[in-house]
Every structure is written in C-alpha cells, then in structure tokens.
Amino acid sequence: MTTTQLDLKGRDFVALADYTQEEIYALIHDAIELKQLQKAGTPSQPLKGKSLAMIFEKSSTRTRVSFEVGMFQLGGTALFLSKNDIQIGRGETISDTAQTLSRYVDGIMIRTFAHSTVIDLARSATVPVINGLSDLNHPCQALADYMTAYEKKGKLEGLKIAYIGDGNNMAHSLMMGAAKLGMHIAVATPEGYGPDSDVIKQSKEQAELYGAAITLTSDPQEAAADADFIYTDVWASMGFESEQEKREKAFKNFQVNESLVKYAKSDYLFMHCLPAHRGEEVSEGIIDGPHSVVFDEAENRLHAQKAIMAAIMRD
C-alpha cells in the first residue's frame, strides 16, 4: 500500500477544519487505493497488532460496522464500547477515560452527542482520537462523500453541491469540506434551521483561500440550480425526535423530489448519509432512482475510515 506521504501519524481526526486541502486529497486518494486493493483481494495490513476503542453514546449501523471491519482488514482489532460498557456511563470523567484507554489501545473513535466530549477526549488522550459523529461535525461521513464524488466525476474543484434541509452536523462538515476542496456549495435551510454561525464564518474564510463559493439561502430551487450533486439528511436527527412533527411542518417545502432535481444539471448525483426517511426529506423515486449514489457513499465509509486510521495510527 502507498500511504500518504504527509506526516499524519498521531494526529486526531476531529474535524475537516483541522486538515489542509493537500491532506484531505491525500486521504481521498489513499481511500481509493485501499478500496482497489480490497476489491483485488490484496491484503493491506499496516495496523497489524494494533487496536481501536470505539465508544458509542449514539447507536449506528454504518459507523460501527465500517470501523470494526476496517480495523480487521487493516490487520487490527476494534473494541465496541457502549456507554453502558464503560465507566463513562457511571460518571467517570472524560479525561480519566481517555488516559486509561490510551494505556490499552492505539486509537479511539467516539460517536457522541456534544462536540465538547470529542474535544475533551482528544485533549486528554495520548493516542489519536477520531470523531465518528458529534452534534457539530460528521467528518468521516463527509470524507466518504467527497471520495464518492471524486470517484464519480473525476474531480472536485469547481463542481457544485447543493445541500437541502437541516443545517446540522452534516451540513457543517460538507461546507468545510467543499471550501477546503475548492467546491461550490449552496445550503438551503428553513428559517431558524441554518448552520452554526461560527462554522459559516470559518467555512467562508477557507472558501476564499481555495476559490470556492458558499451560498446560504432559504430557497431550495436556488440552491439546486445547476448543481452537480444534491444532498439531504433526515429532518430530525438523533436527539431531536421530539421535534419530528414541528420539523415536518418547517421542512415541508424542502423535500428532494422529482420537481426539485429538475433545477440541477442533467447528470446530477443524489447523495444522503443514511438512514433515510423516504417520503420525508427525499422521495422514493429519487433515492432509489438512477442518479442515486447513497450506497456507494455507505460503502466508502469503510474505505475512507481505513485511510484515516492507516494515516494517523501507523508506526
């Protein structure tokens, strides 16, 4: 395997904001190479003998399976730790948990609610920490998304992605990723559901550096106009289930459907981080139609995360 020539050993992977354009592209290329090797049946085990602790305060299908299988394919071992399996669920501090796990394992992945939990874990751990999801960012998913986009289009710079829906952690990571990669992104959200103001500021600063454009609007048609990719997410993410009915009313005009995609380019691709609620944020005909690449994205979680782990956990 040809790993990235950049020095990423020991780095945390908390947010795409922490990585340069060169580093993100290197991870994408490494992920594609690891995928090709896996498809060819050629073992690549740079993490042989190493272990990853996986802390889950939020349940997941794709995150758990992709990290666990990914570590196995890289030659290592992954340990699933729910909040009920470790003392963090009984009041042990994040710092004590981080310092203890660092004596046992070579890396820690956490999927949690508060982004501050990830920050505190990374600050106290002496091994790399990977953000498997927090309420502010979902960098592993965004890396897999842009890996998928690169595979499908052969380039990223200058292309446009339209994000329609909730200005959540997914929108945040896509915005920062687009800015870093020189892509144009238009984010359409209902009033009151826009992205975090600090993330907007940081993303626009990066966009200026890399020739990208960030558009914020409350008009889904404006966002979708001439888009190469149309992306959406559930209207009520995990932790917001109690707002489901309220959000359905607020987002009723933000469904990605056959009418909306007419504004995009004829060869647009539809993207979704999954799980999806057909009939809510996306129509069945779109997510299950010929333009959809949602399962390619899901598959690429495995390869993108393998690239991350290989780069930051290798000797």
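Quantities reported herein were computed from a predicted structural model and do not represent experimental measurements. The residues of the chain are indexed from 1 along the displayed sequence.
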Would you mind checking if D315 and K50 are paired as a salt bridge, meaning a charged N to carboxylate O distance below 4.0 Å? yes
Q305 CD to Q73 CD distance, which is reported to the nearest 0.5 Å: 11.5 Å
Is there a donor-acceptor pair under 3.5 Å between the side chain of S292 and the backbone N or O of I287? yes
Where is the tightest heavy-atom contact between H115 and S134, given as atom of each residue plus distance? ND1-OG, 2.7 Å
Compare all side-chain heavy atoms of F13 with those of P128 and state whether any distance is below 4.5 angstrom. no
same_hphob_cluster(M54, V14) at 4.5 Å side-chain heavy-atom cutoff: no
When you measure from the side chain of T232 to the backbone N and O of I164, does any donor-acceptor pair fall under 3.5 Å? yes
Cationic tip of R11 within the cone over Y19's six-membered ring, i.e. under 6.0 Å and within 45° of the normal? yes
Side-chain donor-acceptor contact under 3.5 Å, Y231 with D145: yes
Please check this pair: side chain of H172 against backbone of D196, looking for a donor-acceptor N/O pair closer than 3.5 Å. yes
Tell me whether L81 shares a hydrophobic cluster with M309, the cluster being built from Ile, Leu, Val, Met, Phe, Trp, Tyr side chains joined at under 4.5 Å. no
Working for side chain to side chain contact (heavy atoms under 4.5 Å, CB included), residues E243 and W235: CA-CA 9 Å; E243 298 182 12; W235 291 340; over 6 Å; no
Just verifying a value: how many Å separate L79 CG and D85 CG, rounded to the nearest 0.5 Å? 10.5 Å
Find the distance between CD (E57) and CD1 (I88) and round it off to the nearest 0.5 Å. 5.0 Å
Check whether R111 reaches the backbone of N131 with its side chain - one donor and one acceptor, N or O, closer than 3.5 Å. no
Can you confirm whether the side chains of S283 and R278 place a donor and an acceptor under 3.5 Å from each other? no
Do M71 and T77 come close enough that some side-chain heavy atom pair is under 4.5 Å? no
More than 12 heavy atoms of other groups within 6.0 Å of E241 CD: yes
Look only at the side chain of R314 and the backbone of A311, and say whether a donor-acceptor pair between them is shorter than 3.5 Å. yes
Where M183 and A212 come nearest, the two heavy atoms and their spacing: O-CB, 2.9 Å
Would M175 and Y193 show up in the same hydrophobic cluster when neighbours are defined by side-chain heavy atoms closer than 4.5 Å? no
Minimum heavy-atom distance between G41 and P43, given as atom pair plus value: O-CD, 3.3 Å
Please tell me if the side chains of F270 and V256 come closer than 4.5 Å, counting only heavy atoms from C-beta onward. yes
Could you tell me which residues satisfy ring-ring contact (aromatic ring centres under 6.0 Å, His included) with H277, sequence neighbours excluded, listed by chain and number? none
Does this structure show an ion pair linking K160 with D228, if we count only N-O contacts that are shorter than 4.0 Å? no
With a 4.5 Å limit on heavy-atom distance, are the side chains of I161 and H184 in contact? no
Would you say L181 and E157 make side-chain contact, with heavy atoms under 4.5 Å? no
Looking at CG of L216 and OG1 of T189, how far apart are the two atoms once the value is rounded to the nearest 0.5 Å? 7.5 Å
Contact check, side chains of D12 and I312, non-hydrogen atoms, under 4.5 Å: no
Hey, mind stepping through I200 and I214 against side chain to side chain contact (heavy atoms under 4.5 Å, CB included) and telling me if it holds? CA-CA 9 Å; I200 293 172; I214 295 178; 5.8 Å; no
Quick one about H272 and E281 (side-chain donor to acceptor, distance below 3.5 Å, no hydrogens or angles considered), yes or no? yes
Using a cut-off of 6.0 Å, state whether more than 12 heavy atoms not belonging to E245 lie near its atom CD. no
When you measure from the side chain of S173 to the backbone N and O of H138, does any donor-acceptor pair fall under 3.5 Å? yes
Will you find, in the side chains of S124 and Q99, an N or O donor that is under 3.5 Å from an N or O acceptor? no
Transitively linked via ILVMFWY side-chain contacts under 4.5 Å: Y104 with I108? yes
Under the rule for ring-ring contact (aromatic ring centres under 6.0 Å, His included), what residues qualify as partners of F56, not counting sequence neighbours? F80
Using every non-hydrogen atom in the two residues, find where L16 and I24 come nearest and quote the distance to one decimal. O-CD1, 4.1 Å
Can you measure from CE (M147) to NE2 (H303) and round to the nearest 0.5 angstrom? 6.0 Å
Distance in Å, S60 OG paired with F67 CZ, rounded so as to fall on 0.5 Å steps: 9.5 Å
Checking Y163 side chain against I185 main chain: does a donor-acceptor pair fall under 3.5 Å? no
Give a yes-or-no answer on whether the side chains of E151 and N300 include a donor-acceptor pair shorter than 3.5 Å. yes
Please answer whether the main-chain N or O of T126 pairs with a side-chain N or O of S102 as donor and acceptor at a distance below 3.5 Å. yes
Looking only at the side chains, is there a donor atom on one of Q202 and Q206 sitting less than 3.5 Å from an acceptor on the other? no
Closest approach of S51 to M313 (non-hydrogen atoms, all atoms of both residues): O-CE, 3.8 Å
Compute whether any side-chain donor of one residue and acceptor of the other, for Q38 and E33, lie under 3.5 angstrom apart. no
Donor-acceptor contact present, side-chain D226 to main-chain K265, <3.5 Å: no
Has N137 got a side-chain atom pairing as donor or acceptor with P139's backbone, closer than 3.5 angstrom? no
Just wondering, do I130 and I110 contact through their side chains at under 4.5 Å, heavy atoms? no
Are K201 and E205 ion-paired here, with the side-chain N under 4.0 Å from a carboxylate O? yes
L27 vs L143, side chain to side chain contact (heavy atoms under 4.5 Å, CB included): CA-CA, chis, key distance, verdict: CA-CA 8 Å; L27 288 171; L143 186 67; 4.2 Å; yes
More than 12 heavy atoms of other groups within 6.0 Å of F72 CZ: no
Closest non-hydrogen contact found for A179 with S203 is CB-O, 3.3 Å
Regarding D267 and K153, does a basic nitrogen lie under 4.0 Å from an acidic carboxylate oxygen? yes
Check: T148/D296 side-chain N/O donor and acceptor closer than 3.5 Å: no
Go through it in stages, so that I can follow the logic: the residues are Q244 and E280, the test is side chain to side chain donor-acceptor pair (under 3.5 Å), and I'd like the CA-CA distance, side-chain angles, deciding distance and then a yes or no. CA-CA 11 Å; Q244 179 68 32; E280 288 186 20; 3.1 Å; yes
Examine H291 together with Y268 and report whether their ring centres are nearer than 6.0 Å. yes
Any Lys/Arg nitrogen of K39 or E299 sitting under 4.0 Å from an Asp/Glu carboxylate oxygen of the other? yes
Connected via hydrophobic side-chain network under 4.5 Å: L260 and M271: no
Step by step, work out the side chain to side chain contact (heavy atoms under 4.5 Å, CB included) result for I32 and I28. CA-CA 6 Å; I32 291 172; I28 289 173; 4.1 Å; yes
For a quick check under 3.5 Å, do Q221 and Y263 share a side-chain donor-acceptor pair by atom type? yes
